[in-house]
Amino acid sequence: MIKNIENLVSFPVNAQRNSFFGALSSILLYRDAYTEDTPFFCGKHQRSCIKCGDCKNELFINKHHLKIYQYLITITGCAYFWIDKEIGNSFDKPYSADEFSETALDRLSLALYASGYHYESMNKDTEANILFERIKQAVEEKQPVMIKLSLGDLWGVVTGYDDDKNLPYLMKSRRLPQLDKDWYHKLSNIVFITDKYDSTISLSESLDHMIRHLNTGNRNKLEQKIYQKLGTEQDGKKLGKWLNQINGLAIETRWHASECYRNTLTPMAGDKKCKKLLLDASDLHLRFHDQAWKIWGLLGVSSETFFCAPKNIDELLNKLSTRAELKSLFQELFTIDRQVSHLLQECLTML
């Protein structure tokens, strides 16, 4: 017998690099019964969407998916990460882009609390046949399941099962659901999202968590390391790849944070001054995004290089003027993060 949960929105939607939050957003979109008819609050115009055409009439269901993604990646602090393997992340763990979900897993309880759901996390400590029966139960109850496979940054959604073949259907990034015969062999974590909380996270709780992740010792260490490397590193190719890795994640996630402030957090704030502070923070992280594009320009990175460092990166970084400009731009990025932290702190005092 084959059983499937229908009408799950696949991921990514727009700029969604992180499969953990992509998969989780697809599940929450389904569990909370969003449809194309669910009204959407437009942060840009601070009103319900009237389909004015500014966003090229993107489907509401896609907008809601992106909005959930941006909210969760921001309030968990994952929107504020900087990559550096030597220094680590906010929690002093080795951290790189393809291990992003390892870090996000630490915030699973916060993400599900913020979403209003309880969960149960399991792994290979449980036998395959027991897990498969648990999957079947979840599917019967129309509860899609999150699953992390061991290779790289790969989270997916279990959408169904084939009882005859004893296999689950998995929806992975950019792929429709299909049977996966290696699911247990590759299994790292499996998360069953169960019943709802009676209450959800408050705006003040969210802001407090965000502020803590905008103010870490490792952030200050990385800032000084960037300036030092720009002044002393002779290998332009090595330096360029490293700077591009750092810039590449931050440029995307700060945009998500900016959208979260104005799309989701401002409607939660009753005080007009608090709303204004959140909109100011949104503008600052939009500026962060724009300045990070300038860094890409100096590094010769673009869609034509598939956002990788170009072959002539060593030549580009041989110029002292380029390195000086890069230092100035990175200084502005770190300054913006601090300014946003101050705005969020001021907003928090009003709640």
Side-chain angles (χ1 to χ4, degrees), residues 7-36 38-44 49 55-56 58-81 97-117 119 144-148 153-157 159 171-175 191 193 200-201 203 206-207 209-210 213 248-268 278 281-282 285-286 288-289:
N7 301 319
L8 277 154
V9 175
S10 60
F11 61 95
V13 174
N14 204 307
Q16 295 178 346
R17 167 193 312 231
N18 184 275
S19 66
F20 173 87
F21 289 107
L24 181 55
S25 297
S26 291
I27 291 175
L28 294 175
L29 199 69
Y30 178 83
R31 291 292 302 272
D32 289 337
Y34 282 90
T35 70
E36 187 60 26
T38 305
F40 180 81
F41 181 81
C42 172
K44 180 179 181 180
C49 177
C55 57
K56 300 180 181 178
E58 179 77 23
L59 292 174
F60 269 20
I61 199 70
N62 290 345
K63 289 181 179 181
H64 284 300
H65 189 287
L66 185 59
K67 184 176 180 178
I68 293 170
Y69 179 99
Q70 290 168 336
Y71 172 63
L72 294 178
I73 203 172
T74 302
I75 64 154
T76 57
C78 293
Y80 304 131
F81 285 159
D98 62 356
E99 295 166 350
F100 190 92
S101 286
E102 295 284 352
T103 309
L105 188 60
D106 295 335
R107 291 156 179 76
L108 180 62
S109 58
L110 177 60
L112 269 297
Y113 169 49
S115 306
Y117 285 95
Y119 74 96
V145 179
M146 280 189 74
I147 186 169
K148 183 181 187 298
D153 175 28
L154 183 59
W155 281 86
V157 179
T159 64
M171 179 175 73
K172 302 174 187 175
S173 178
R174 295 184 175 86
R175 290 171 58 184
V191 179
I193 300 170
T200 55
I201 193 170
L203 177 58
S206 300
L207 291 177
H209 198 81
M210 291 157 61
H213 287 285
L249 178 65
I251 192 174
E252 178 187 308
T253 58
R254 296 314 190 282
W255 174 71
H256 289 313
S258 174
E259 290 293 290
C260 172
Y261 305 151
R262 67 183 191 176
N263 289 340
T264 307
L265 300 187
T266 53
M268 295 170 66
L278 289 170
S282 177
H285 268 152
L286 279 180
F288 183 114
H289 178 267

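Here the structure is a predicted model, which means the values were calculated and not measured.
For the atom pair Thr38 OG1 and Ile61 CD1, the distance stands at 6.0 Å (nearest 0.5 Å). Between the OG1 atom of Thr159 and the CD1 atom of Ile27 there is a distance of 10.0 Å, given to the nearest 0.5 Å. Of the inter-residue distances, the one linking Cys78 atom SG with His213 atom NE2 reads 7.5 Å to the nearest 0.5 angstrom. The structure places CD1 of Ile193 at 5.0 Å from CG of Leu112, a figure rounded to the nearest 0.5 Å. To the nearest 0.5 angstrom, Asn263 atom CG is 12.0 Å from Ile68 atom CD1. With rounding to the nearest 0.5 angstrom, the CD atom of Gln70 is 8.0 Å from the CD atom of Gln16.
A pairwise comparison of heavy atoms in Leu24 and Ala111 identifies CD2-CB, 4.0 Å as the closest pair. The two residues Ala15 and Trp255 make their nearest non-hydrogen contact at CB-CZ3, 4.2 Å. Here the closest heavy-atom approach between residue Arg262 and residue Pro267 is recorded as O-CD, 4.2 Å. Met210 and Leu265 make their closest contact through CE-CD1, 3.8 Å (heavy atoms, listed as atom of the first residue, atom of the second, distance). When all heavy atoms of Asn7 and Tyr30 are compared, the pair lying nearest together is O-CD1, 4.3 Å. Here the closest non-hydrogen pair linking Pro39 and Phe60 is CA-CE2, 4.3 Å.
Under the ring-ring contact (aromatic ring centres under 6.0 Å, His included) criterion, Phe40 pairs with His64, not counting sequence neighbours. Tyr69 meets the side-chain hydrogen bond (donor to acceptor under 3.5 Å, both in side chains) test with no other residue; sequence neighbours excluded. Thr74 pairs by the side-chain hydrogen bond (donor to acceptor under 3.5 Å, both in side chains) definition with nothing, not counting sequence neighbours.
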Do Arg254 and Tyr80 pass the side-chain contact (heavy atoms from CB on, under 4.5 Å) test, and can you show the C-alpha distance, the side-chain angles, and the key distance before you say yes or no?
CA-CA 7 Å; Arg254 296 314 190 282; Tyr80 304 131; 4.3 Å; yes
The test is side-chain contact (heavy atoms from CB on, under 4.5 Å); show your working for Phe20 and Lys148 and say whether it passes.
CA-CA 8 Å; Phe20 173 87; Lys148 183 181 187 298; over 6 Å; no
Take Ile75 and Tyr113, measure what side-chain contact (heavy atoms from CB on, under 4.5 Å) needs, and give me the verdict at the end.
CA-CA 11 Å; Ile75 64 154; Tyr113 169 49; over 6 Å; no
What's the verdict on side-chain contact (heavy atoms from CB on, under 4.5 Å) for Val9 and Tyr34, showing C-alpha distance, side-chain angles and the deciding distance?
CA-CA 10 Å; Val9 175; Tyr34 282 90; over 6 Å; no
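Within the 4.5 Å cutoff, side-chain heavy atoms of Pro144 are placed close to those of Arg31. Under the 4.5 Å side-chain criterion, counting only non-hydrogen atoms from C-beta, Ser206 is in contact with Tyr71. Leu278 has its side chain within reach of Leu207: a pair of non-hydrogen atoms, C-beta onward, lies under 4.5 Å apart. In this structure, the side chains of Ser173 and Trp155 stay at 4.5 Å or more apart for every pair of heavy atoms. Inter-residue side-chain proximity for Asn62 and Asn14 is flagged as unmet; no heavy-atom pair is nearer than 4.5 Å. At a threshold of 4.5 Å between non-hydrogen side-chain atoms, the residues Lys44 and Cys55 do not count as touching. Looking only at side-chain heavy atoms (C-beta outward), His256 and Leu66 come within less than 4.5 Å of each other. Residues Arg175 and Ser10 form no side-chain contact, since every pair of their non-hydrogen atoms from C-beta on lies 4.5 Å or further apart.
Aromatic ring centroids of His285 and His289 lie 6.0 Å or more apart.
Side chains of Thr76 and His209: no donor on one and acceptor on the other come within 3.5 Å.
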